[in-house]
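Just so you know, these numbers use all the heavy atoms, side chains as well, and skip hydrogens, waters and symmetry mates. Worth saying up front: this structure is predicted, and the values here are computed from it rather than measured. Each chain gets a letter, A, B and so on, in the order its sequence line appears, and its residues count up from 1.
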Protein chains: 2
Amino acid sequence: MGSIGDSMAQADDEGVLRDAGRPRDTGTLGKLMVLLDLVTHAEIPLRFTDILALANQPRGTLHRQLGHLVEEGLLELDAEGRYAPGLRLLDFASRSWARNEFRLIAAPHLAALHRETGETVHLGVLRGASIIYLDKVEGHQPVRMYSQIGNASPCYCTGVGKAALSVLPPDRLEELLPGLHFNRFTAATHADVESLLAEIGEIAAAGHAFDREEHEAGIRCVAAPVWSDDRSFIGGVSVTGPAYRLSMELLQQWAVPVRVTARKIMDEMRIRLGPRR
Amino acid sequence: MGSIGDSMAQADDEGVLRDAGRPRDTGTLGKLMVLLDLVTHAEIPLRFTDILALANQPRGTLHRQLGHLVEEGLLELDAEGRYAPGLRLLDFASRSWARNEFRLIAAPHLAALHRETGETVHLGVLRGASIIYLDKVEGHQPVRMYSQIGNASPCYCTGVGKAALSVLPPDRLEELLPGLHFNRFTAATHADVESLLAEIGEIAAAGHAFDREEHEAGIRCVAAPVWSDDRSFIGGVSVTGPAYRLSMELLQQWAVPVRVTARKIMDEMRIRLGPRR
DNA sequence: AAATTAAGTTCCACATAATGGAACAGACAG
DNA sequence: CTGTCTGTTCCATTATGTGGAACTTAATTT
């Protein structure tokens, strides 16, 4: 248990993906997605009444909504009346992942960075106030990738997240900050906007970010931001490992190859996707 | 190019997941899911007009529908006006996968089967007329799992699919067969219900199924069905590899360990999930 | 076993949200 | 400049989702 790679598999505060929980004006779809979020983010399979308590919907309405989600294969209802995420989600996602241009471009560079450091390499993108991990390169053993890839983690306590924030245009940063809920995963996790902003300033100056056991005790990382010229796309690369193996001095050294990797990815994005964005 | 593992990554006939394309009565959600299907199953990113031609919707309606999907993060609209699957799908799927009990139970047995044969091992489940791959164990190299896992393949031309059909209750089989569209991937692919049914009979008797290069030329496999007592759940395990390495004689030999693996998984399902189902 | 409570499902008058036709804007080509 | 092709906005109409309550069924208690 407790392998490094599991660090992101833990339950994050629910709703990291949503912009501070404010409802969207996507009509019926929005309400259904809230339900999907509820069920997929729950640690244990929920029963009808559990969902009824969480969702603010009358019984009849909720019943039909869940029925539709089940019929579409987005949720599954087992014989004991428990709702779980449906397999249709896997089909959608596999295509989303397989065709992601950013991931395809970055893959060889991630592999190179892994060879250079010998530690786990991650690729993530900023989505709202969350980092979504798109890829992972980890040496050896039958990889259990899916448990990490696709996972959403908060931006304020991950290396990739803070790196991404450091290149976010000021107006978007101001938009995002008030919505943050600081969940203190460890003693080192930022607890307020002020300390986060201060570090973001340092990161912007240095060009790289550290995660000093802020998301999970015993896990450190160095990350560098990756962004498109017009900032419509913002993400990052990181090297992650256990604190006993990765001293802060070593991470400091690795900051260079991590930044170089980020630059190579950006260069190739300009070539492949065109320089304008 | 053309490694074994890629065999499933190719484009299947669209809509394998849907029950013969007949529309569902899931109201607004159903229509939106059709759109999601269209975009995620397209080989290339579609533009507004492309989708307009494919979906049977008036312009105004389609525009709002796509807008909602984008706003929810299920689709992404790039600067050039092309729609692509959204990253939110990844987040949903990673949880669907990580919490799938069947997969968790099967994982160690798949690993054992892989050690025994040295070839790629797959785990799939029957969903409508498709097989959805839940897991894959492949030796060596940085695995690119996501491109396979979650993929939907037709049931009539894959080992796991035919094995699954062989344990499907007759009424459900009769329900499913008329909806099949036989896409002839290779010369060996079944082209009609009769020949498929004949083989299903043999498979039911033998307890295992072969894929004799029916889905992709040069790729063979042996598969055995896995099912719950009440048949509410039906899937299969397989060992897959290139024809030049896997003679039919060798596959015949491997049928035994594959069936043993399937049995072990079923035994453990009874223990962990209760024997009733 | 009967009574009581909780859990899940169905129904229908009503209100909200989706529809689709048409008009409007931008980009581009001739 | 004019015509066409593409994408976006508007709004009266209508379909769809809503939610309260009544109704089953299952589980728990007396």
Q. Can you say whether the rings of F92(B) and H41(A) are parallel (under 30°), tilted (30 to 60°) or perpendicular (over 60°)?
A.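 Perpendicular.
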Q) Would one find more than 12 heavy atoms of other residues, nucleotides or ligands at under 6.0 Å from atom CZ of R184(A)? A)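 Yes, because the 6.0 Å sphere around CZ of R184(A) holds more than 12 heavy atoms from other groups.
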(Q) Can you tell me whether the side chain of R59(A) and the base of dG19(D) have a donor-acceptor pair closer than 3.5 Å? (A)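 Not at all, since no donor on one side and acceptor on the other fall under 3.5 Å apart.
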Q) Is there a donor and acceptor pair, one atom on the side chain of T61(A) and one on the base of dG17(D), closer than 3.5 Å? A)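 Result: no qualifying N/O pair found.
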**Q.** Presence of salt bridge, D267(A) and K264(A), under 4.0 angstrom
**A.**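 A salt bridge is absent here (no side-chain N lies under 4.0 Å from a carboxylate O).
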**Q.** First of K31(B) and G81(A) reached from the 5' end of DNA chain C, by closest nucleotide
**A.**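 Mapping each residue to its closest nucleotide by heavy atoms, the 5'-most match is G81(A).
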Q. If you pin G60(A) and H68(B) to their nearest nucleotides in DNA chain C, which one's is more 5'?
A.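 Closer to the 5' end of DNA chain C: G60(A).
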Residue pair [X] / [Y], side-chain heavy-atom distance below 4.5 Å:
X       : Y       : answer
W97(B)  : L89(A)  : no
T28(B)  : L29(A)  : no
D171(A) : E174(A) : no

Starting at [atom1] of [X] and ending at [atom2] of [N], how long is that distance when rounded to a whole Å?
X      : N       : atom1 : atom2 : value
L35(A) : dG17(D) : CG    : C1'   : 13 Å
L46(A) : dA7(C)  : CG    : P     : 14 Å
L77(B) : dT8(D)  : CG    : C1'   : 12 Å
L62(B) : dG21(C) : CG    : P     : 14 Å
Q57(B) : dA15(D) : CD    : C1'   : 13 Å
R47(A) : dA26(D) : CZ    : P     : 15 Å
F48(B) : dT9(D)  : CZ    : C1'   : 12 Å

Q.
Roughly what angle, to 10°, lies between the helix axis at the start of the helix from dA1(C)-dT30(D) to dG30(C)-dC1(D) and the one at its end, five pairs per end?
A.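 The value is 30°.
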Q | Any donor-acceptor N/O pair, R172(A) side chain to R231(A) backbone, under 3.5 Å | A |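 Between the backbone of R231(A) and the side chain of R172(A) there is a qualifying donor-acceptor contact (under 3.5 Å).
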Q.
Please confirm whether the shortest side-chain N or O distance from T28(A) to OP1 or OP2 of dT16(D) is below 4.0 Å.
A.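 So the side-chain polar atoms of T28(A) never come under 4.0 Å of the phosphate oxygens OP1 or OP2 of dT16(D).
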(Q) Would you say Q65(B) places a side-chain N or O within less than 4.0 Å of OP1 or OP2 belonging to dT19(C)? (A)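 It does, given that an N or O in the side chain of Q65(B) lies less than 4.0 Å from OP1 or OP2 of dT19(C).
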Q) Taking for each residue the nucleotide of DNA chain D with the nearest heavy atom, is it L29(B) or H63(B) whose nucleotide lies nearer the 5' end? A)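 Nearer the 5' end of the strand: H63(B).
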Q.
Counting the atoms with a prime plus P, OP1 and OP2 as sugar-phosphate, which does R64(B) contact under 4.0 Å by heavy atoms, base, sugar-phosphate, or nothing?
A.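 Base, at least one base heavy atom under 4.0 Å.
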